Amino acid sequence: MKRFLSSITVLLSLALAVPTAHSASTIKIGLMAPITGAFASEGKDMRAMVELLAEELNKKGGINGTPVEIVVEDDGSEPRTAANAANRLVSKGVNLVIGTYGSAVTEASQDIYDEAGAVQIATGSTSVRLTTKKLPNFFRTCPRDDEQGRVAVATLNSLGFKKIAVLHDNSAYAKGLAQEAKAEIEKDKGLSLVFFDALQPGERDYTAILTKLKGVNPDVIFFTGYYPEAGMLLRQMHESKWKVPLVGGDGANNIDLVKIAGVEAAAGYRFISPPMPGDLNTPIAKNFLEAYIAKHGAPPSSIWSVVAGDAFNVLAEAIKNVGTKPADVSAFLHTKLKDYDGLTGKISFDAKGDRVGDLYRLYEVDNQGRFVLK
Amino acid sequence: MSSITSNRLFLPVSGAIFFLCMALLPPVLGSAGLEGGGRYHIGVLNDIGLYALLGLSLNIILGQAGLFNMGHGAFYAMGAYTTAILNTVYGVPILYTLPLAGAIAAFFAYLVTRPILKLRGDYLLVVTIGIVEIVRISLMNDVFGMTGGANGIAGIARPELFGFRLVSPEHFFYLIWGFVAFTVLLFRMLENSRFGRALYYIKHDELAASGSGINTTHYKLVAFVVGAFWAGMAGTLYATKMKFISPVAFSFSESVLLFAIVILGGAGSIPGVILGAFLLIGLPELFRELADARMLVFGLAMMVMMIVRPQGILPLRRRVYNAAKQVGKYACAIGTQKLAPPAPEPATDTTTPPAPQKGTGGAA
Amino acid sequence: MEEFLQQLTNGLAVGGIYALIALGYTMVYGVLRLINFAHGDLFTLGAYLGFTLLASFGLSGVIGGLAGAGLLVLMALIFVGLVGVMLERAAYRPLRNSDRLSAVVSALGASIFLQNAMMLLYGARPQVYPVRLLPTASFMLMGVEIPFTRVLLFSSSLALMFLLFWFINRTRVGAAIRAVAIDQGAAKLVGIDVNRIISLVFLIGPALGGAAGVMVGLYYGQITHDMGLNYGLKAFIAAILGGIGNIPGAMLGGLLLGVIEALGTAYFAVGWKDAFAFLVLILILIVRPTGLLGERVADKI
């Protein structure tokens, strides 16, 4: 017991000692990201991305001569921990925050930042409702589910698919996107929705669902969930020699998908996503991608960390122009920031804080397992 | 030490001191020079209070009656969703929904636990897991078109007390911890009531309990209903504190956490459960500086604490009756209990109940 | 009909894996009355061990085909079994004479620890077995295509179950295990080294879990640090369904759960699949309170 108590004391003093080590002469930018929990892989990528951007910026002398410091807090991929993370950032005096990934997780933190007058730029949270609350300081660098649903259905239509099966995974993001797609399909008389249901994420065997899907004989399956499940679906479709095209949303944009499915099974898989930095011809994206590969040995595995990088970039741009006061930053982002050259393309925000502009591209996996822009 | 702790005034006095200290915490934290006026720390304390409340409500079922319930989150979710729906759809003020949330959760508990009360130990455990999962999946699938599916329900109002709107973490601190204090007082009375004693006998020897005239099924059902009522009200507090709820917040692991709070703190012991909430909610926050290894260390700490204190950290102390006075009144109920001699100071460290033998379990 | 049969084989394939994990669960439970919540994470450990052997130690170049797969399973059996023994020493033995639920909480702590340890060691991104050792051939039976791997997986589960059943019921050591399960005190009196028997149980139970982990890795490819949560819970349910502590019961419960899930997917909404499985479980337990093959002594636990 004594030993246990002393180890607790050590940890306690550790916990209390570290925050005081920050110096006051830096610009603090918060990053709330899932470092543990179900979305940990995305969160760790987000951290790697934002910290590298900050490092590069500081090498060039920071913003107007002041270095930037990234304060990372773990949201644990769940709402309650996110609320604590938000309180913690606000308590530390951080009032410019990037994050976070999951929509339900972001939503739990919105009010806390709003009440503290802090600017929050969400990165992966595409749920429509987040920007319908008229929060003055909330932005996101990712597009919305309804926009993606519209683009997705238009794309499916133009590819000649008529009987569409929509499969989601019951997460806020995937179901939101699925419902937007469903509404779009029902609007169009030429299209029919032959299947609408959810799989259980995190499982290994989806053959039962595939057998059921086979029964409705769709032209295409639109899967709105994440890449681990998309990969398993492709793999098991390939194994059962069922050749119906699978089209994914931007949650399934991750290079690990090809690894999971196998190159052969992934070939021909299409998905809709904001462009990866490698596909942008802007010098800023090219240079940054080189730096990222040099440091981490591989390009970022998904688009979401890149979108987090963009959140950092627009914050830095705003601070450079109007200083660090949240109200000024927010006003700048709403009105002054026009067609900023981000990693994922031009960035501007509308009055609600949503990113404006046509962001989605169609990608296809070629027979060597590469993501090819269509 | 033992002569102090065995004094019958020890618990009430230390409890009062604890809650007084808690009441003084927000201003102290506010002026302690913590960054942000202790906002984060108060937020964490609010979480701890909420889980203490949930732990106390589970304690009646798991700690006192010895019924293995690993699905307590189901009742918590019922309460939270009742409040959310009543408030956002029908505009019912939050504090009015508090008893309603409790009542709905209790009614739900009554319906679902009645057929399963005959199940023993681990079979009951897995059925309660089933219940919490069915509830979560139903919420996820937008059952009756009212729960908002995976998106949950947003825009839940803040509570108003006599025209005063509770908004800041400090306000919620007093609301939540005030409720905890009230609960402790009430549950302490319940523990010593006929009901509490009946649960005690059921936990330690069900056969003997029913032999001495206790309607065990009835009391087990009441334990579930009371526990669910309180969990439902905790759900109200959670919903109004977060202003937003979704099924993610009521996952199976939340129920597991509650289970661990009760067992780790000391099953059946009110101070133990509160300490359990401090440890299991507080430690992951304390370990934040460890970044990626946060939960690793937490898991390790859970094991170590359990091994160091196998009975729980503050286990329930066996009550000792002054049998000479009570025997006439409750002769029937005490039948299975060893009659303590009317000696004034029987309590030493052996006051903790002897561990039930493995293989017999809590519900032997 | 064809679709029904197809779904049945889908369910049996998933159920075979549940059954294999449930065997380890039930083995430990049968002797110690301990719900080892870390069992699912030992299963994950087995999967990652197989991955490490294949990917990092270049075993994929040396061994191929079924022999290689068998070797991997064997190595996972041994290694995860040893980890299980260590886990019992560290986390459960100090609690053996305490309340049963204390050991359950310690097991929960161990589960969190193991899961996060694997995340820190291997990263949070999913890992994929680099080569496919299992054959891809398949055959037709009554209009249903059955991949050879499924037959293999299913028959290994069945074989391991029979082996375990034989070991427990027909050997001297098995008799000692049964004696310890019934009464540790009496077992001690007749000269059985109870500690060694319990260590043995913790060698066998987790070893079976580890073997299941490698099989999942070989069959499905993708492994993640948190997959033990889902598989562990399903296996626990399977063990309860069959009557926990009962070896054929674990097998039956696993297969049944797999089939219920597949049929729930086929004939109800996919999103309600797990709720449907739980509902069936609850109904079965209401009718048979100690599971399908559990002893019908109401006061056993």
Side-chain angles (χ1 to χ4, degrees), chain B residues 62 68 70 112 115-116 118-127 129-131 133-138 140-141 206-207 252-253 256-257 259-260 262-264 267 292-312 355-364, chain C residues 29 32-35 37 90-92 94-117 119-120 124 181-184 229 233 236-237 239-241 244 269 271-279 281-282 285-286 289-291 294 298-301:
Chain B
L62 173 64
F68 293 8
M70 210 182 250
V112 297
I116 59 167
K118 62 176 175 183
L119 295 178
R120 306 266 165 163
D122 306 300
Y123 293 94
L124 184 65
L125 184 103
V126 77
V127 165
I129 293 176
I131 291 170
E133 277 295 279
I134 291 175
V135 166
R136 187 186 62 81
I137 293 167
S138 306
M140 206 69 145
N141 281 304
E206 189 175 341
L207 202 65
F252 169 55
S253 43
V256 171
L257 191 63
F259 189 88
V262 172
I263 302 299
L264 188 83
D292 301 25
R294 181 164 85 97
M295 296 310 283
L296 179 93
V297 177
F298 176 64
L300 200 63
M302 232 167 119
M303 280 159 67
V304 171
M305 287 189 291
M306 214 63 250
I307 291 165
V308 175
R309 300 280 295 173
Q311 312 287 311
Q357 278 304 302
K358 197 168 19 347
T360 54
Chain C
Y29 184 90
L32 283 175
R33 300 283 180 272
L34 165 70
I35 310 166
F37 270 104
Y92 306 144
L95 294 169
R96 205 184 289 162
N97 294 316
S98 317
D99 192 284
R100 285 180 49 210
L101 296 183
S102 304
V104 171
V105 171
S106 182
L108 289 169
S111 163
I112 297 174
F113 175 81
L114 282 172
Q115 191 182 322
N116 281 277
M119 184 182 88
L120 291 175
I182 293 164
D183 191 330
Q184 287 185 20
L229 192 74
L233 183 62
F236 177 47
I237 294 164
I240 289 272
L241 195 61
I244 193 156
W272 288 89
K273 180 195 73 171
D274 281 8
F276 179 70
F278 274 114
L279 197 67
L281 169 82
I282 292 173
L285 287 184
I286 287 174
T290 50
D299 287 286
K300 175 104 205 256
I301 303 167

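Letters go in sequence order (proteins before strands), and every chain restarts at 1. All values derive from a computational prediction rather than experimental measurement.
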Checklist line | Top contributor to chain C interface from B:Met302, B:Met303, B:Glu133 [non-hydrogen pairs under 4.5 Å] | finding: B:Met303
Next item on the list: Under 4.5 Å heavy-atom distance to chain C, tell me which part of B:Ser138 shows up: side chain, backbone, both or neither.
Entry: both
Checklist line | Contacting moiety of C:Ile240, where chain B heavy atoms sit under 4.5 Å | finding: both
Check: Using a cut-off of under 4.5 Å for heavy-atom pairs, which of C:Ile35, C:Leu34, C:Val104, C:Ile237 has the most such pairs with chain B?
Finding: C:Ile35
Item checked: chain C contact via B:Leu124 - side chain, backbone, both or neither, heavy atoms under 4.5 Å -> neither
Margin query: Restricting to non-hydrogen atoms, name the atom on B:Pro310 and the atom on C:Ser98 that form the minimum distance, rounded to 0.1 Å.
Written below: CB-OG, 3.1 Å
Item checked: Heavy-atom side-chain contact between C:Ile282 and B:Ile131 under 4.5 Å -> yes
Item checked: Nearest-0.5 Å distance that lies between atom CG in C:Leu95 and atom CD in B:Gln311 -> 9.5 Å
Next item on the list: Taking B:Asn141 for its side chain and C:Gly271 for its backbone only, find out whether a donor-acceptor pair lies under 3.5 Å.
Entry: yes
Note to self: As an exercise, state the distance from CZ of C:Phe276 to CD1 of B:Ile137, rounded to the nearest 0.5 Å.
What the structure shows: 12.5 Å
Next item on the list: Apply side chain to side chain contact (heavy atoms under 4.5 Å, CB included) to the pair B:Val126 and C:Ile244, showing each step before the final yes or no.
Entry: CA-CA 11 Å; B:Val126 77; C:Ile244 193 156; over 6 Å; no
Margin query: Is there a side chain to side chain contact (heavy atoms under 4.5 Å, CB included) between B:Ile116 and C:Leu285? Walk through the geometry before answering.
Written below: CA-CA 8 Å; B:Ile116 59 167; C:Leu285 287 184; over 6 Å; no
Notebook entry, point to check: Using non-hydrogen atoms only, which part of C:Phe37 is less than 4.5 Å away from chain B: side chain, backbone, both, or neither?
Noted result: side chain
Next item on the list: Mind checking the CD1-CZ spacing from B:Ile129 to C:Phe236? Nearest 0.5 Å is all I need.
Entry: 5.5 Å
Next item on the list: Taking all heavy atoms of B:Met306 and all of C:Ser106, pick out the closest pair and write down the distance.
Entry: CG-N, 4.0 Å
Note to self: To check you understand the geometry: which heavy-atom pair defines the closest contact between B:Met295 and C:Ile112, and what is its length?
What the structure shows: O-CG2, 3.4 Å
Check: If you measure from CG on B:Asp292 to CE on C:Met119, what distance do you get to the nearest 0.5 Å?
Finding: 5.5 Å
Check: Which bit of C:Ala90 is near chain B, if near means a heavy-atom gap under 4.5 Å: side chain, backbone, both or neither?
Finding: backbone
Notebook entry, point to check: At their closest point, which heavy atom of B:Ile307 faces which heavy atom of C:Ala91, and how far apart are they?
Noted result: CD1-CA, 3.9 Å
Notebook entry, point to check: Which value, rounded to the nearest 0.5 Å, describes the distance between C:Asp274 atom CG and B:Arg136 atom CZ?
Noted result: 8.0 Å
Note to self: For C:Thr290 versus B:Tyr123, what's the shortest heavy-atom pair and its separation?
What the structure shows: O-OH, 3.2 Å
Item checked: Between CG on residue C:Asn116 and CG on residue B:Leu300, distance to nearest 0.5 Å -> 11.0 Å
Next item on the list: Counting only heavy atoms closer than 4.5 Å, note whether B:Ala267 contacts chain C via side chain, backbone, both or neither.
Entry: neither
